[in-house]
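Below is one structure, written out as structure tokens; comments come after it.
We name chains A, B, ... by the order of the sequence lines, and we start the count at 1 in each one.
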Number of protein chains: 2
Amino acid sequence: MAKVKIHSKEIPVKTIGRLSQYRRALLICTLKGKTHIFSHEIAAIQHVTAVQVRRDLMLIGFNGSLKQGYNIRNLIDVISEILDYEEGVNVAIFGLGNFGRALFNYFYGKRSQLRIVATFDSNTEKIGTEYNKVYCYSPYRVEEIVKKKNIKIAILTVPPKRALEVAKKLVDAGIKGILNYTSTPIDVPDDVFLDEYDMITTMEKAAFFVKMNELKL
Amino acid sequence: MAKVKIHSKEIPVKTIGRLSQYRRALLICTLKGKTHIFSHEIAAIQHVTAVQVRRDLMLIGFNGSLKQGYNIRNLIDVISEILDYEEGVNVAIFGLGNFGRALFNYFYGKRSQLRIVATFDSNTEKIGTEYNKVYCYSPYRVEEIVKKKNIKIAILTVPPKRALEVAKKLVDAGIKGILNYTSTPIDVPDDVFLDEYDMITTMEKAAFFVKMNELKL
DNA sequence: ACAGTATTGTTATTTATTTAACAATAATGA
DNA sequence: TCATTATTGTTAAATAAATAACAATACTGT
Ligand SMILES: NC(=O)c1ccc[n+]([C@@H]2O[C@H](COP(=O)([O-])OP(=O)(O)OC[C@H]3O[C@@H](n4cnc5c(N)ncnc54)[C@H](O)[C@@H]3O)[C@@H](O)[C@H]2O)c1
Ligand SMILES: NC(=O)c1ccc[n+]([C@@H]2O[C@H](COP(=O)([O-])OP(=O)(O)OC[C@H]3O[C@@H](n4cnc5c(N)ncnc54)[C@H](O)[C@@H]3O)[C@@H](O)[C@H]2O)c1
């Protein structure tokens with residue numbers, strides 16, 4: 001799924017990602033009392049060009065005024081209408097280790113429509129406890145709880161060796177989106193959103209560029 | 001910097017990222033005693049097509065044999081020659097909170113050429129202690145320590161409000177790559193590698209796709 | 001010996017994404 | 001009044017990346 005239709009226009013996935021970032025920048029602006037903003041101002045905050053911003057906004061059919069630029073409040077609302085899900089989406093974390101907990105803390109409460117409603121861990125000392133008021137279940141209960149709590153998105157932070165089996169269970173249970181942070185690539189059906197991020201790959205790219213830059217001297 | 005020359009051929013940055021992933025998959029294969037591998041096998045492990053793999057390998061001038069495919073050991077060596085930096089690269093973490101520590105634990109020791117040689121935190125209880133045998137310095141000493149220890153890459157996990165000031169200090173001190181995990185976008189000169197990752201943006205994309213898929217029904 | 005098969009390596013094509021170009025517009029002020 | 005300026009919205013062009021196509025090759029089995 002690389003594009004999506006909104007108002008009968010095709011929207012690239014990359015635009016969706018940028019809209020999320022624009023909104024974040026805009027929210028900070030409103031806190032500062034700003035009411036209007038120009039495309040080049042948005043561009044300066046995020047890492048994009050003013051043209052890119054205008055093009056993205058064109059795609060979602062949002063218009064600014066020539067002299068004042070874009071109305072921040074309205075723009076936030078329009079982006080939210082696109083990105084957000086009225087009823088909200090339920091999320092669960094699988095693997096409540098150091099990394100899972102760090103993500104939990106960071107994510108918890110940041111977006112009102114995105115709710116962490118369960119955690120899963122195989123460690124018997126964790127099962128049955130609450131972390132940030134959210135109950136920790138045994139992985140045996142994945143199917144049951146995912147259905148009962150209508151969980152749609154999974155954050156996968158189990159050990160790499162467990163990734164494949166857990167991912168399979170998730171898909172079978174009806175999960176529709178997985179953020180896979182284990183270093184094991186997983187496969188999912190077409191109708192399941194998948195994102196895989198690994199800091200080591202990024203670090204290797206960084207090191208490569210450092211090397212390249214030094215050689216250029 | 002979107003492309004890089006190797007053997008006088010232009011290599012897209014994306015290829016570099018994939019090479020890192022290929023190598024990881026290959027290392028696992030060697031552990032299993034495999035000596036040769038076909039492009040479609042590599043493709044099946046990672047999320048790419050066989051054509052993509054062959055094209056990437058063509059770009060770095062690596063040849064396989066028609067009947068056996070690619071020699072895994074050789075391929076790992078060639079990729080390592082491209083990605084790795086003989087003398088190694090020194091890395092530091094800025095912000096030793098939950099997230100910083102989780103990344104530390106994950107990263108520490110995974111790549112012999114990429115060494116975490118220092119951590120920095122403003123919390124006086126952390127300054128002067130060792131975490132995983134690595135000393136924690138006060139942010140006041142950034143310039144001094146970065147130069148003394150020849151630190152090239154920074155993992156940025158300070159609170160979002162501190163991101164801009166710390167990033168500026170890093171660049172001034174001579175850091176050449178930053179992995180920015182704070183939700184605050186930062187700006188760096190052209191000769192500094194920058195990667196910004198934020199799980200909330202990813203989560204919002206995931207939620208968006210879940211929503212889209214449901215509407216399609 | 002040779003048709004059939006599976007694979008690589010590379011060029012050509014297509015698709016996706018970004019960037020550039022510019023007309024339209026509205027305010028400013030000489 | 002009218003040139004100047006700064007901006008938007010949109011089309012056109014350029015660039016980047018992925019995919020397809022296919023010749024070349026080497027092995028298999030008959
Ligand atoms: N992508 C990144 O940048 C990145 C960064 C850090 C860690 N990681 C990865 O994230 C994962 C977690 O890292 P960590 O440091 O928190 O490790 P950890 O060992 O602290 O946590 C793993 C947790 O998963 C639990 N677990 C094991 N099997 C399970 C199962 N079948 N179902 C549910 N829970 C299960 C364990 O009990 C443990 O609590 C690892 O795969 C690690 O490689 C990725
Ligand atoms: N990108 C992601 O997906 C993601 C996930 C989790 C957290 N985060 C971000 O990572 C950062 C850290 O998160 P956390 O949960 O570890 O928070 P935390 O509060 O536990 O850790 C922050 C640490 O930074 C230290 N610090 C403060 N000012 C500093 C300075 N000037 N120099 C050095 N250290 C300083 C604090 O003492 C603390 O130890 C935050 O910005 C958070 O938003 C991002």
Once side chain to side chain donor-acceptor pair (under 3.5 Å) is applied, what residue pairs with a partner in residues 46-55 of chain A remain, sequence neighbours excluded? A:R18-A:Q52, A:Q21-A:Q46, A:S39-A:R54, A:H47-B:E196
Is the closest basic N to carboxylate O distance between A:E214 and B:K176 below 4.0 Å? no
Does a side-chain N or O from A:N63 land closer than 4.0 Å to OP1 or OP2 of D:dT8, or not? no
Without decimals, in angstroms, what is the distance between B:N71 CG and C:dT7 C1'? 16 Å
Please list, chain by chain and in numerical order, all residues satisfying side chain to side chain donor-acceptor pair (under 3.5 Å) with B:H40, sequence neighbours excluded. none
Using a cut-off of 4.0 Å between protein heavy atoms and nucleotide atoms, how would you tag nucleotides 21-30 of chain C 5' to 3' with B, S and -? ----BSS---
I need the full list of side chain to side chain donor-acceptor pair (under 3.5 Å) pairs touching residues 59-75 of chain B, with sequence neighbours left out, sorted by first then second residue. B:R73-B:D77
Position toward the 5' end of DNA chain D (nearest nucleotide), A:S39 or B:D56: A:S39
Can you check side-chain contact (heavy atoms from CB on, under 4.5 Å) on A:Y181 and A:L103, steps first, answer last? CA-CA 10 Å; A:Y181 293 104; A:L103 290 181; 3.7 Å; yes
Check the distance between C:dT7's P and B:F62's CZ and give it to me in whole angstrom. 17 Å
Atom CD of A:Q68 and atom P of D:dG9 are separated, to the nearest Å, by 13 Å
Using the side-chain heavy atoms of A:P12, tell me which of these nucleotides is nearest: C:dT19, C:dT17, D:dT10. C:dT17
Would you list the pairs meeting side chain to side chain donor-acceptor pair (under 3.5 Å) in which at least one residue belongs to residues 161-172 of chain B, sequence neighbours left out? B:R162-B:E165, B:K168-B:D172
Choosing from D:dT19, C:dT11, D:dT10, which nucleotide comes nearest the side chain of A:M58? D:dT10
B:K148: what forms a salt bridge (charged side-chain N to carboxylate O under 4.0 Å, His left out) with it, not counting sequence neighbours? B:E144
Strand contacts (DNA chain C) in residues 197-206 of chain A, 4.0 angstrom heavy-atom criterion: none
Without decimals, in angstroms, what is the distance between B:R18 CZ and D:dA16 P? 15 Å
Write down the distance between NZ (A:K14) and C1' (D:dT15), rounded to a whole number of angstrom. 13 Å
Just how far, in rounded Å, is P of D:dG9 from CD1 of A:I60? 11 Å
Could you check how far CD of B:Q52 sits from P of D:dA20, rounded to whole Å? 11 Å
Which nucleotide in the set D:dA18, C:dT18, C:dT8 lies at the smallest distance from any side-chain heavy atom of B:F38? C:dT8
By salt bridge (charged side-chain N to carboxylate O under 4.0 Å, His left out), which residues pair with A:R24, not counting sequence neighbours? B:D198
Check salt bridge (charged side-chain N to carboxylate O under 4.0 Å, His left out) between B:K149 and all other residues, then give those that pass, not counting sequence neighbours. none
Between atom NE2 in B:H40 and atom C1' in C:dT5, what is the gap in whole Å? 12 Å
